[in-house]
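In what follows, a single structure is set out as C-alpha cells and then discussed.
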Amino acid sequence: MARDDGDDRSSKRRKLDFNPLRSDDRFADDLPTRTLNRRKDDSFKSRNPTPRGGSRFETPEGDPYADQVLDRDWYGGDDDLGGHVFGDDTHNPFGGDSGWETLEREAAMTEKKVAAFSRGLNAQQLQRQKDNDAWETNRMLTSGVAQRRDMGADLDADQEGTRVHLLVHDLRPPFLDGRTIFTKQLEPIPAIRDSQSDMAVFSRKGSRVVRERRTQRERAKQAQAATNVAGTALGNLMGVKEEDTDSALPIAAEGESKPQGSNKFSDHLKKSDGASDFSRTKTLQEQREYLPAFAVREDLMRVIRENQVVIVIGETGSGKTTQLTQFLYEEGYGKLGMIGCTQPRRVAAMSVAKRVAEEMECELGSTVGYAIRFEDCTSKDTVIKYMTDGVLLRESLNEPDLDRYSCIIMDEAHERSLNTDVLMGLFKKILQRRLDLKLIITSATMNAKRFSDFYGGAPEFTIPGRTFPVDVLFHRSPVEDYVDQAVQQVLAIHVGKPAGDILVFMTGQEDITVTCELLQERLDALNDPPKLSILPIYSQLPADLQAKIFDRAPPGVRKCIVATNIAETSLTVDGIMYVVDSGYTKLKVYNPKMGMDMLQITPISQANAAQRSGRAGRTGPGQAYRLYTEKAFRDEMYIQTIPEIQRTNLSNTVLLLKSLGVKDLLDFDFMDPPPQDTITTSMFDLWALGALDNLGELTDLGHKMNAFPMDPPLAKLLIMSVEYGCSEEMLTIVSMLSVPPVFFRPKERPEESDSAREKFFVAESDHLTYLHVYTQWRANGYNDAWCVRHFLHSKSLRRAKEVREQLVDIMKMQNMPLVSCGTDWDVIRKCICSGYYHQAAKVKGIGEYINLRTSVTVQLHPTSALYGLGYLPEYVVYHELILTSKEYMSTVTAVDPHWLAELGGVFYSIKEKGYSARDKRVIETEFNRKMEIEAQMAADKKRLEEKMRDEEDGPQLVKGKKGLGKDRKTITVGSVVKPVKQRVRRGI
DNA sequence: GAGCACTGC
C-alpha cells in the first residue's frame with residue numbers, strides 16, 4: 001500500500017497514537033487503578049422498596065396470606081410428572097402466525113441516496129467534526145506522533161471534497177437462483193407456537209417490574225451524569241484525574257483475584273463434596289448394584305445383541321450414563337473396538353468418565369478416558385471413551401466410518417443439540433456400511449418414538465428412574481408479570497411451607513437481578529421474617545459467586561436460587577423441594593432474512609416444563625408452581641423445543657456436510673430438516689466468502705476453512721492473514737472473537753468499567769482493540785489481578801489463550817506460516833476487510849450505518865471504539881449484528897472503500913469523481929475484474945442449466961451423472977426422497 | 001449512548 005500518496009483518504013485520517021503491540025505503561029501492573037466511588041449515589045435504589053412490595057406482607061400476626069394465595073391461585077393439574085404422556089406429533093405444527101419479528105427493511109438504495117448518505121452529517125455536525133479534527137490534529141502534532149506533512153495532505157483531501165462512492169451489485173450465484181430446493185422443510189418455523197396466545201403476548205411485553213427498575217436505573221444514571229463528567233471519554237481526553245478510592249470499595253470480583261491456574265475441568269471437580277451418607281457407607285460395587293440399570297442388565301444386553309440400533313429410555317437416576325458403557329465392556333464389545341459415549345456438555349463428559357474410572361478401579365485416561373476440546377485424556381489403551389458430540393463429529397471428518405468404534409452411545413439425545421442431529425443423519429449412512437457397529441441412543445420418554453421411527457422402528461428399552469414424586473400446580477389465571485408473581489410465590493412458600501430450598505426459573509440476568517432485589521426488599525418489609533438466603537445464578541456470573549449455590553445454608557435458613565436455564569440441565573443442586581417456573585426462556589432464533597441470530601423471550605416447551613419441575617424431586621418429594629395455566633401449557637407451548645438445527649445459522653454445518661461429501665443436502669437424512677431459507681442464506685454466505693463456487697461446490701478455500709473449528713468468516717480471516725503477513729495478530733483477534741466478551745461491566749460501577757475499557761481503545765477498530773487487550777494482558781504476565789483491575793474477565797482471556805494455542809497447532813499442521821506484520825495495522829484492517837466485506841456498512845447518521853448490500857439500517861454499538869472517535873468513518877465492516885433494543889453492529893473496523901471494491905469485487909465497484917492517477921488505475925483493474933466475474937457467472941449458469949436439463953430427463957440416473965458414485969463405493973439414501981416437482985431443480 | 005439463555009469444535 002502506498003502510504004505516501006496522501007490520497008488514501010477515508011481510511012487513515014487519524015493516526016493511532018499508541019502501539020497495541022508494545023507493552024503500554026498505562027497498563028503496567030504497579031500503577032494505581034483509577035476508579036470512582038459511586039456507591040453512595042447508588043444506594044438509594046436498594047433502600048427504597050416499592051410501596052406495593054412493602055405493604056402487602058405486613059400482616060400483624062402469622063401469615064394467612066400464603067395459604068390464601070395458594071388456595072386462590074393454584075390447583076393440581078392432571079399432569080404430574082409420572083403421568084405425562086407426550087405424543088410424538090411433536091414439531092412444526094404450522095398452525096398460528098409466524099413468530100418471526102419482521103423488521104421493516106428500507107427500500108433498495110438508489111444511487112442518489114448513496115450520494116446523500118455520503119456524508120450523513122448536517123451542517124452543525126460537520127462543524128463539530130471540523131473542530132474536533134482541528135483539535136486532534138493539534139494534539140497529534142504537538143505530541144510528535146504525526147508529521148505536519150501527513151496531516152496537511154489529509155486535510156487537503158477533505159477540503160477537495162472528492163468522495164469515494166461505492167456502487168453495490170446484487171449478484172446471486174447461479175446455483176441459488178431461487179428454483180433450487182435444498183430441504184424438505186420449505187416453510188420457516190416459528191419459534192412461538194401461537195403468536196396470539198397470552199404467553200406470547202406477555203413475553204413480547206416483558207415484565208412490568210423489570211421495566212420499572214430499568215427506568216429507575218436510567219433516571220439515577222442521568223442524575224449522576226449531570227453532576228459528574230469524570231470517567232467518561234471526554235473526561236479522559238481532558239486528562240481529568242480521578243481519585244484513587246479503590247481501597248475503600250472492594251469490588252465483587254476482587255475476591256477471586258488470586259491466580260487461577262487454568263480452565264481445566266479437573267481443577268473444578270476436586271472441590272465437589274457431594275458425598276452423601278449413601279456413598280460413604282457403601283462400596284462402589286454396592287452402589288452400582290443399587291442402580292435400576294443393574295436390575296435390567298441381562299435383558300438390555302440381549303436387546304443390544306439382537307439389534308443394531310437400540311433406543312434406551314433412561315429416566316433420571318437410572319444410572320444409564322455410567323453403567324451402559326461398563327455393561328458393554330463387560331460383555332466384550334471392547335475387544336472389537338472402542339466404546340464411545342457422547343455427551344452434549346464438556347463437564348458431563350469429564351465427570352462421568354472420572355466416575356466410571358473409579359468404579360472400574362483404573363486410572364482416568366487408561367482404560368477409561370475422555371476427550372473434549374483442549375483436553376484429550378485418552379491413550380492407546382482406552383476402551384471406554386466419553387466425549388462431547390462435537391469431538392465425535394470432528395473425528396468423523398478424518399474417519400468417515402468411525403472404524404475405531406464398536407459401539408457408540410449417544411447420551412441425552414433428546415436435547416437435540418445441533419451436533420447430535422448432524423451425527424444422527426450421518427449414522428443413518430454409516431450403519432449401512434458398517435453392519436457390526438452398534439448404536440445406542442438414550443432419550444427421555446417423550447422423544448423415544450421419534451428416534452425409533454427414524455431408525456426404522458428400532459426397539460425401545462426402558463430403564464426405570466429413581467426420583468421422587470413432584471406435585472405440579474398450575475396458576476389459575478394467566479400471569480401477566482412473571483417476575484412480580486414469582487416473587488410473591490417465593491414469599492408465600494417461604495412463610496407458609498415446610499423447610500426445603502426453592503429454585504426459581506427466570507429468563508436472563510436482568511430478570512434475575514430484579515427478582516432478587518424485589519425478594520429482598522419485600523422480605524425486609526416483613527415483620528421479623530424467617531431467614532432466606534437469595535442466590536442468583538447464570539453463566540455470566542463470576543465462578544466464585546456461582547459456587548455459592550452449592551454451599552449448604554446454615555440451620556434455619558432457607559435457600560432460594562434464582563436461575564436461568566443453566567439449572568435445567570447443566571447444574572444440579574441437591575435439596576430443592578420447591579420449583580417456581582416462570583414459563584419463559586430466552587431462545588436463540590435465526591432470522592435468515594436479516595441473516596442474524598437473536599435472543600427472543602419465548603414460552604418454554606412442555607418438555608422444558610417437565611424438566612424444570614423434575615428438579616424438585618431429586619432428593620425428596622417436591623412441589624412445582626407453574627406461573628401459567630394448564631390450558632396455556634396444553635395449547636400455547638410446543639411439546640418439544642424446536643431443535644437447534646431448525647433455528648440457527650447453518651453455514652458451519654453446510655460447510656461440514658459439503659466436506660463430508662454430501663453433495664445434495666436434500667439427500668441428507670435430517671430427523672428434522674432445517675428450513676429452506678436458512679440453508680439458502682447459509683449457502684449464499686459461504687459463496688460470498690468464497691467457500692462455495694458458482695456451482696455450489698466446495699472451493700479450495702472452503703476445504704481449508706473446514707480445518708478450523710469456528711465460524712466460516714473467522715476461519716477465512718485466518719487463512720487470508722497468511723497472505724497478508726499478519727497471521728500472528730489475526731490469531732489473537734480471532735481467538736478473542738471466539739470467547740465470551742472480555743469486558744466486564746458490573747451494574748454497580750458502569751462508569752469505572754467504561755473508562756477502563758476506553759483505555760484499551762484503538763481508534764477505528766474494535767478488532768484491533770481486542771488485539772491490544774490481549775497483548776497487554778500477555779505483557780503483564782497473563783495476570784488475573786491485572787484483569788480485575790482493568791475490568792476484564794480473566795476467564796474469557798484464559799479461554800482465548802487456549803483457543804489461540806489450539807489454532808496455532810492447526811496452522812502448523814496445515815503448513816500455514818505464523819508471521820507478524822509488526823505495527824502495520826492497515827495491513828490487519830485490510831485483512832479484516834477481506835473476511836468481512838459481505839458485512840460492510842456506510843455511514844448514514846450519528847452512530848447510524850446502512851448495510852451496503854441489504855440496506856438494513858444498523859447502529860454502532862456505544863461500546864465500540866469508533867463511538868468516541870469524534871467523527872464517524874465512512875465505511876466499516878462488522879463482525880456480527882446483535883438485536884437488543886436496536887440492531888447493533890458489534891466489533892466494527894473502519895475500512896477503505898477501495899479495499900471493499902478490490903476484495904469484494906462481486907459486490908462492490910468504485911464510482912468516483914476527481915480521479916487521481918492511482919484511482920484511475922484501481923478503477924480500471926476493478927472494472928476488468930468485474931467483467932471477468934460476470935463472464936464466469938454467465939458461463940457457470942449455462943453449465944448449471946445444461947446439467948439441470950440432464951437431470952430432468954432421468955431423475956433416477958441423476959446420481960450417476962452427477963459423478964457422485966466415482967470415489968465412493970455405494971450411494972445409499974436412507975429413506976425415499978419424495979419426487980420433486982418438475983422444473984424445480986434438486987439441490988446441488 | 002447500552003445490557004447477551006445455554007452449549008460445542
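Convention: sequence-line order gives letters A, B, ...; per-chain numbering from 1. When reading the values below, keep in mind they use all heavy atoms of this one structure, side chains included, and skip hydrogens, waters and symmetry mates.
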Validation row: I537(A), V573(A) side chains within 4.5 angstrom (heavy atoms): no
Given side chains that start at C-beta, do those of L872(A) and L866(A) come closer than 4.5 Å, heavy atoms only? no
Using only modelled atom types and a 3.5 angstrom limit, is any donor from either the side chain of D754(A) or the base of dA2(B) paired with an acceptor on the other? yes
What class does the angle between the rings of Y888(A) and H861(A) fall in, given that below 30° is parallel, 30 to 60° is tilted and above 60° is perpendicular? perpendicular
F743(A) vs F760(A) aromatic rings, parallel, tilted or perpendicular, using cut-offs 30° and 60°? tilted
It should be established whether [X] places a side-chain nitrogen or oxygen under 4.0 Å from OP1 or OP2 of nucleotide [N].
X: S417(A); N: dT7(B); value: no
X: T388(A); N: dT7(B); value: no
X: K588(A); N: dC6(B); value: no
X: R373(A); N: dT7(B); value: no

Just how far, in rounded Å, is [atom2] of [N] from [atom1] of [X]?
X: L392(A); N: dT7(B); atom1: CG; atom2: P; value: 21 Å
X: R416(A); N: dG8(B); atom1: CZ; atom2: P; value: 19 Å
X: L860(A); N: dG1(B); atom1: CG; atom2: P; value: 11 Å
X: Y386(A); N: dG8(B); atom1: OH; atom2: P; value: 17 Å
X: Y590(A); N: dC6(B); atom1: OH; atom2: P; value: 22 Å
X: N652(A); N: dT7(B); atom1: CG; atom2: P; value: 19 Å
X: I645(A); N: dG8(B); atom1: CD1; atom2: P; value: 18 Å
X: R346(A); N: dT7(B); atom1: CZ; atom2: P; value: 11 Å

Check every atom of [options] against the side chain of [X] and return the nucleotide holding the closest atom.
X: S570(A); options: dA2(B), dT7(B), dA5(B); value: dT7(B)
X: Y888(A); options: dA2(B), dC6(B), dC4(B); value: dA2(B)
X: T564(A); options: dT7(B), dA5(B), dG8(B); value: dA5(B)
X: K886(A); options: dC9(B), dC4(B), dA2(B); value: dA2(B)

Nearest heavy atom decides the nucleotide; on that basis, is N565(A) or R345(A) closer to the 5' end of DNA chain B? N565(A)
Between Q806(A) and L587(A), which is nearer to the 5' end of DNA chain B once each is assigned its nearest nucleotide? L587(A)
Counterpart residues, side chain to side chain donor-acceptor pair (under 3.5 Å), relative to Q814(A) (two or more places apart): none
Using a 4.0 Å heavy-atom cut-off across all strands, classify I882(A) as base, sugar-phosphate, or nothing. base
Using a 4.0 Å heavy-atom cut-off across all strands, classify Y538(A) as base, sugar-phosphate, or nothing. sugar-phosphate
Check for a donor-acceptor pair, side chain of D481(A) on one end and backbone N or O of V209(A) on the other, with a separation under 3.5 Å. yes
